[in-house]
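Here is the structure we will look at.
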Amino acid sequence: MAVDKKSSKEGYIELRFGPRWKYIACARSFIQNFLAISIADQTRADKIAMAASELLENAVKYASGDDTHILVNVYPETEKIRVQVINKASDESIKALKQVYGKISDENSLDAYVSQMKEAALRSDGKSQLGLARIRYETGGDLQMEIKDNVVRVMIDIG
Amino acid sequence: MNRLKIEPVVEERIKIYVDDSPQGVSIRFVGDIDMEDPSIILDPLFDKIHEGVIKLGVKEVSADFKELNFLNSSGIKGVAKWIMKLSEVDDDNKYVIKIIHNKDITWQVTSLPTLTFLVPGAVQVE
Ligand SMILES: Nc1ncnc2c1ncn2[C@@H]1O[C@H](COP(=O)(O)OP(=O)(O)OP(=O)(O)O)[C@@H](O)[C@H]1O
Ligand SMILES: [Mg+2]
């Protein structure tokens, strides 16, 4: 784990670890505690730590390769926060990501979350596909993704 | 032992207790639900509760989340799956799910009320 300061103004956390499920809870607490110091609003810190946890779950579950990478940027001037995960992924995961992303981006965040919940509850293939809709609704943030070759970057900007 | 004869779930990070309540049955979650596949514990538990409650004609189940620090999205799916069962039961067997939330836990304040949109009238949040 590495905690660093890019400049005197911009705080950021960068964590890289081998994809092990048990590290997620630990990263979540760490990010939460870090943000409790760097931003005033505790509710926001909770939401950001939740978003980081969901994105990390995905990066651990769907990464091909053994590097899980998360970045949390804190921009003090605008009070904006960006959480992003970067990982390699299979064509199949990328296809699913594009599909879910397209679907939830078409609706307002509450409707998208509730319809993903209903779909998850009724499907029989065991899939959940609720995480991205959840963080978009709970944080009110702007969810984005970038795919280059097989490298996926999923990020959320929380204002 | 509760009237449904359901054993508690006791795992390292999560404990789930089922007790009788004056109105029916209560489920209490303590800890964190953040494992990779929470359906392994949630699906059998909610199946047992749903079937038992209908069999005994219980009309209210309270789900107490006050001591649940974290619930991941797959865990939310587990709860949604339980609630959605109520869309399939006929009126005689219907029961109400009362969700008790902790206003100091941020995800509970934002996510738990959304569960009321799944099946009209089935869920109350307090
Ligand atoms: N970092 C990622 N790398 C590759 N694929 C991803 C990544 N994040 C998401 N996906 C794809 O997008 C889908 C939707 O992700 P989302 O987090 O919404 O749901 P989920 O992980 O399937 O289930 P849940 O989060 O509810 O447990 C995933 O099933 C996966 O196929
Ligand atoms: Mg997910």
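The sequence lines fix the lettering, A, B, ..., with proteins before strands; numbering per chain opens at 1. What you are looking at is a predicted structure, and each value in this text was computed from that prediction instead of being measured.
Heavy atoms of A:Ile24 lying under 4.5 Å from chain B are absent altogether. A:Leu110 touches chain B through its side chain: at least one heavy atom from C-beta onward sits under 4.5 Å away, while N, CA, C and O do not.
Both A:Leu55 and A:Phe30 belong to a single network of hydrophobic side chains, linked directly or stepwise wherever heavy atoms of I, L, V, M, F, W or Y lie under 4.5 Å apart.
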After noting the C-alpha distance and the side-chain angles of A:His69 and A:Gln84, does the key distance pass the side chain to side chain donor-acceptor pair (under 3.5 Å) rule? CA-CA 8 Å; A:His69 189 179; A:Gln84 54 184 314; over 6 Å; no
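In terms of heavy atoms, A:Ala51 sits closest to A:Ile156 at CB-CG2, 4.3 Å. What you find for A:Ala133 and A:Ile104 is that their closest heavy atoms are N-CD1, 3.6 Å. When every heavy atom of B:Leu42 is checked against every heavy atom of B:Gly78, the shortest pair comes out as CD1-CA, 4.2 Å.
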Present all donor-acceptor pairs from chain A to chain B with distances below 3.5 Å, rounded to 0.1 Å.
unit_1: A:Trp21; atom_1: NE1; unit_2: B:Asp34; atom_2: O; d: 2.8
unit_1: A:Arg28; atom_1: NH2; unit_2: B:Asp34; atom_2: OD2; d: 2.9
unit_1: A:Asp46; atom_1: OD2; unit_2: B:Thr106; atom_2: OG1; d: 2.5
unit_1: A:Glu54; atom_1: OE1; unit_2: B:Ser73; atom_2: OG; d: 2.6
unit_1: A:Glu54; atom_1: OE2; unit_2: B:Ser73; atom_2: N; d: 2.8
unit_1: A:Glu54; atom_1: OE2; unit_2: B:Ser73; atom_2: OG; d: 3.3
unit_1: A:Glu57; atom_1: OE2; unit_2: B:Asn72; atom_2: ND2; d: 2.9
unit_1: A:Tyr113; atom_1: OH; unit_2: B:Ser111; atom_2: OG; d: 2.6
unit_1: A:Gly126; atom_1: O; unit_2: B:Lys77; atom_2: NZ; d: 3.2
unit_1: A:Lys127; atom_1: O; unit_2: B:Lys77; atom_2: NZ; d: 3.0
unit_1: A:Arg134; atom_1: NH1; unit_2: B:Leu71; atom_2: O; d: 2.7
unit_1: A:Arg134; atom_1: NH2; unit_2: B:Leu71; atom_2: O; d: 3.2
unit_1: A:Glu138; atom_1: OE1; unit_2: B:Thr110; atom_2: OG1; d: 3.0
unit_1: A:Glu138; atom_1: OE2; unit_2: B:Ser111; atom_2: OG; d: 2.3

Quick one: side chains of residues 94-102 of chain A, donor-acceptor pairs under 3.5 Å with protein atoms, not counting sequence neighbours, listed by atom name and distance.
unit_1: A:Tyr101; atom_1: OH; unit_2: A:Leu143; atom_2: O; d: 3.1

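Between the side chains of A:Asp67 and A:Asn87, not a single donor N or O lies within less than 3.5 Å of an accepting N or O.
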